[in-house]
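Here the structure is laid out as structure tokens; the discussion comes afterwards.
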2 protein chains.
Amino acid sequence: MNNKLKELRTALKMTQADLATTLEVSRQTINAIEKGKFDPSLPLAFKFSRLFKLPIEEIFDDEEN
Amino acid sequence: MNNKLKELRTALKMTQADLATTLEVSRQTINAIEKGKFDPSLPLAFKFSRLFKLPIEEIFDDEEN
DNA sequence: ACTAAAAGTTAAGTAAACTTTACATTTTAA
DNA sequence: TTAAAATGTAAAGTTTACTTAACTTTTAGT
């Protein structure tokens with residue numbers, strides 16, 4: 001699944017570690033999701049959504065659309 | 001996490017088994033998610049969203065908002 | 001060029017999503 | 001009211017999301 005996390009994160013001038021702390025996950029989790037190694041859980045997707053003030057659908061792109 | 005799956009599903013006159021087949025998951029998975037036993041993965045949430053033609057946020061309610 | 005911070009990656013483990021099988025209970029309809 | 005369909009539930013297994021720890025590579029600032 002594609003996502004805009006890196007763009008959104010850098011727009012806020014946050015490091016991966018910053019994001020990890022804010023969202024209460026590990027830095028490796030942020031890195032892996034940004035790099036598309038796996039998808040976030042739905043609750044974590046909601047956390048991204050709230051932080052970036054964007055609907056989940058605008059952050060994550062489920063290609064089979 | 002709260003959700004409106006049962007209402008949405010019955011509005012379409014589908015059984016849990018119907019939904020399961022359509023979304024390519026097991027009937028037990030549909031049942032468990034409807035009953036709030038666990039949250040769907042993000043890809044499965046997207047499938048619900050497409051089927052019901054509603055944003056993920058209107059189907060699932062992440063209470064800590 | 002050097003250094004430090006940030007990002008990337010890997011391994012080994014835990015937790016949660018999801019599977020299959022099986023059976024019990026509830027709902028629906030003839 | 002009884003039979004079939006639908007729903008609920010549980011156990012045991014697999015897969016995927018996530019953790020910690022450790023190390024390497026890349027990026028940015030002086």
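Chain identifiers are assigned alphabetically (A, B, ...) following the order of the sequence lines, protein sequences preceding nucleic acid strands; residue numbering begins at 1 within each chain.
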Check: What are the bounds, 5' to 3', of the part of DNA chain D that sits under 4.0 Å from heavy atoms of chain B?
Finding: D:dA6 to D:dA10
Note to self: Using a 4.0 Å cut-off on heavy atoms, which residues in residues 32-45 of chain B reach DNA chain D? List them by number, or say none.
What the structure shows: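 Here the set is B:Lys35, B:Lys37.
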Item checked: Qualifying residues under side chain to side chain donor-acceptor pair (under 3.5 Å), relative to A:Thr22, sequence neighbours excluded ->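 A:Thr22 satisfies side chain to side chain donor-acceptor pair (under 3.5 Å) with no residue once adjacent residues are dropped.
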Check: Got a sec, which residues hit side chain to side chain donor-acceptor pair (under 3.5 Å) with A:Asn31, two or more places apart in sequence or on another chain?
Finding: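 Testing A:Asn31 for side chain to side chain donor-acceptor pair (under 3.5 Å), a comparison that skips the adjacent residues, returns A:Gln16.
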Notebook entry, point to check: In Å and rounded to the nearest 0.5 Å, what is the CD1 to NZ distance from A:Ile59 to A:Lys53?
Noted result: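 Separation between the atoms: 11.5 Å.
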Margin query: To the nearest 0.5 Å, what is the distance between CD1 on A:Ile30 and CE on A:Met14?
Written below: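 The CE atom of A:Met14 is 9.0 Å from CD1 of A:Ile30, to the nearest 0.5 Å.
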Item checked: Sorted by number, the residues of residues 7-16 of chain A with heavy-atom contact under 4.0 Å to DNA chain C -> A:Arg9, A:Thr15, A:Gln16
Notebook entry, point to check: Is there a donor-acceptor contact under 3.5 Å from the side chain of A:Glu57 to the main chain of B:Pro55?
Noted result: no
Checklist line | Pairs involving residues 4-20 of chain A, ordered by first then second residue, that meet salt bridge (Lys or Arg N to Asp or Glu O under 4.0 Å) (sequence neighbours left out) | finding: A:Arg9-A:Glu34
Next item on the list: Using side-chain contact (heavy atoms from CB on, under 4.5 Å) as the criterion, list what pairs up with A:Thr21, not counting sequence neighbours.
Entry: none
Between the protein and nucleotides 20-23 of chain C, list the N/O to N/O atom pairs that are separated by less than 3.5 angstrom.
{"unit_1": "C:dT21", "atom_1": "O4", "unit_2": "B:Gln28", "atom_2": "NE2", "d": "2.7"}
{"unit_1": "C:dA22", "atom_1": "N6", "unit_2": "B:Gln28", "atom_2": "NE2", "d": "3.1"}

Only pairs under 3.5 Å count here: list side-chain donor-acceptor contacts from residues 36-49 of chain B, not counting sequence neighbours, and write none if there are none.
{"unit_1": "B:Ser41", "atom_1": "OG", "unit_2": "B:Leu44", "atom_2": "N", "d": "3.2"}
{"unit_1": "B:Lys47", "atom_1": "NZ", "unit_2": "B:Leu23", "atom_2": "O", "d": "2.8"}
{"unit_1": "B:Ser49", "atom_1": "OG", "unit_2": "B:Leu54", "atom_2": "O", "d": "2.6"}

Check: Between A:Asn31 and C:dA7, does any side-chain N or O lie under 4.0 Å from OP1 or OP2?
Finding: no
Check: How large an angle, rounded to 10°, do the end axes of the helix from C:dA1-D:dT30 to C:dA30-D:dT1 enclose when each is built from five base pairs?
Finding: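 What I find for the helix from C:dA1-D:dT30 to C:dA30-D:dT1 is an axis angle of 60°.
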Next item on the list: For side-chain contact (heavy atoms from CB on, under 4.5 Å), just list the numbers for A:Asp61 and A:Met1, CA-CA rounded to whole Å, side-chain angles, deciding distance to a tenth of an Å, and then say yes or no.
Entry: CA-CA 6 Å; A:Asp61 178 29; A:Met1 176 142 25; 5.6 Å; no
Next item on the list: Step by step, work out the side-chain contact (heavy atoms from CB on, under 4.5 Å) result for B:Asn2 and B:Phe60.
Entry: CA-CA 6 Å; B:Asn2 286 6; B:Phe60 300 95; over 6 Å; no
Note to self: Between A:Leu19 and A:Leu5, does the side-chain contact (heavy atoms from CB on, under 4.5 Å) criterion hold? Intermediate values first, please.
What the structure shows: CA-CA 10 Å; A:Leu19 238 192; A:Leu5 290 182; 5.6 Å; no
